[in-house]
Amino acid sequence: MQNLILFVQRYYHFFLFLIFEIVSFYYLVQSNVYHNVTGYDMFNQVTGKVYQTVDDVRSYFALREVNEQLIRENAMLRSRGKSSFEALSKDTITINDTLYRQVYQYIPARVVNNSVSRRNNYLTLNRGTSDGIKPGMGVICGDGIVGVVINVSPHYSTAMSLLSTKWQISPKISDNNYFGSLVWDGHDPRYAQLKEINKHVPIKNGQQVVTSSFSPIFPEGIMIGTIEENSIEGGDNFYKIKVRLSTNFETLSAVYIVNNLMKQEIEELESKTNNTP
Amino acid sequence: MIRDIISHIIRFVLLVLLQVLVVNEIENLPFFINPQVYVLFLLLLPINTPLWLALILGLVTGFTIDKFSGTLGMHMAASVLLVYVRYFFIRATTELEMHNQPIEPGIAQMGFKWFLPYAASMVLIHHIMLFFVEIFSFREFFATLLRALSSSAVTLLLILLIQFLFYRNSYRRNE
């Protein structure tokens, strides 16, 4: 308080000057129409600017909320859009042939989630138990094999992608029917490694690698990829083959789930055989 | 002392009348020149006038002129500013021992060499304030500035003229 009094004492001339100027401007604006109007105009501009700024700042803080609102609205609109409906008809393709017994059934599905960047990649497909999907079914697409279904919910299923270090299949080289073992090393989603091909087997780059008949998951002859590089390291009995996968996992969208109608029968028979004393 | 006060009051009345009845009646000057002779009264306030009193006198002078010309506030603002700046100008440009003496800072006592820059700068500050307050915006900045400059020149001329005409005697007496 004392400081305040000292301050006022010290600068009272300035305060007097200020007060007189304020009085002058007060009279100016009060009694002159022109200055009144101009002054109010100016004042309005200033207050307008201030409110504008405050509003700008406030709207910045409200952005999160506005975003959430928009997302909600977007989701609502999206869920009304055509793409969010799937045909109710279970377009399972079944061919009745009297000469051939049908072994495989194809169920079209759409990839709703996918990854290629992890060590073990999974796909989510929009078909589930209500479409007759069971764990262990194969997944293929127009270009080649994709993976195998591992988990199923009523309307969705997850499939382990070929791009998974946990999983390996036994393909064959289509020209000579030698089969090996295909694994993915977890690095490049465009390439996989074919192993266990003996060194006496003639291998040429560009040869196609397809599924063999050994696996009940996939039909025989489904494209996997083409041989890009092959080599035999010194003292090794097996080729080291780099296979360029025909399926582009990064743009995967429409796939087919393969239902082997005979799979259960095959598996039962095999387990019976294995358990025979 | 009383004589001084009376002479200041007479000067005040005469200058206000001159301003209101003569100078303000001169219209149609180029650049809308509008000289303000009455500032001479404020310029000639004694050096030892306390600032608060000078500020009040500035306010009253401006108010009087405003009342006559129907422009309440304009001359008040300009005159108060003039008086405020004047105080510091005089403090900065005169000897310390003069600050407490009842010296009229006119040509008669301070000399032409000191008075001209003093009057010129004070008049200029007053006029710039006055004309910008009158326009009340910076929209036509240079037009207003030109008006303030030309009016200041004319005001300064009139002030010097009045000084030489009416204070010639005292001016000579001091020499």
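Protein chains get the first letters and strands the later ones, always in sequence-line order, with residue 1 at the start of each.
Residue with the most contacts toward chain A among B:L55, B:I135, B:T71, B:D66: B:L55 (heavy-atom pairs, distance under 4.5 Å).
Applying the 6.0 Å contact sphere to CZ of B:F32 captures no more than 12 heavy atoms from other residues, nucleotides or ligands. Around CD of B:E95, the count of heavy atoms belonging to other residues, nucleotides or ligands within 6.0 Å does not exceed 12. Annotation: B:F68, atom CZ; neighbour count of heavy atoms from other residues, nucleotides and ligands within 6.0 Å does not exceed 12. Residue-environment remark: CD (B:E140) stays at or below the threshold of 12 foreign heavy atoms within 6.0 Å. In B:R91, the CZ atom is crowded: over 12 heavy atoms of neighbouring residues, nucleotides or ligands sit closer than 6.0 Å.
With a 4.5 angstrom heavy-atom cutoff, B:L51 touches chain A via backbone and side-chain atoms both. Within the 4.5 angstrom heavy-atom criterion, no atom of B:V83 approaches chain A.
Looking at heavy atoms from C-beta onward, B:I56 lies in side-chain contact with A:F20 at the 4.5 angstrom threshold.
Chain B is approached within less than 4.5 Å, heavy atom to heavy atom, by A:V23, A:S24, A:F25, A:Y27, A:L28, A:V29, A:S31, A:N32, A:Y34 from residues 22-34 of chain A, ordered by number.
Note on ring orientation: taking the six-membered ring where Trp is involved, the planes of B:F136 and A:H35 are perpendicular (angle over 60°, cut-offs 30° and 60°).
Here OH of B:Y87 is found 5.5 Å from NE2 of A:H13. Values are rounded to the nearest 0.5 Å.
Just one residue in the list B:W52, B:Y84, B:F88 forms a ring-ring contact (aromatic ring centres under 6.0 Å, His included) with A:F17, and that residue is B:Y84.
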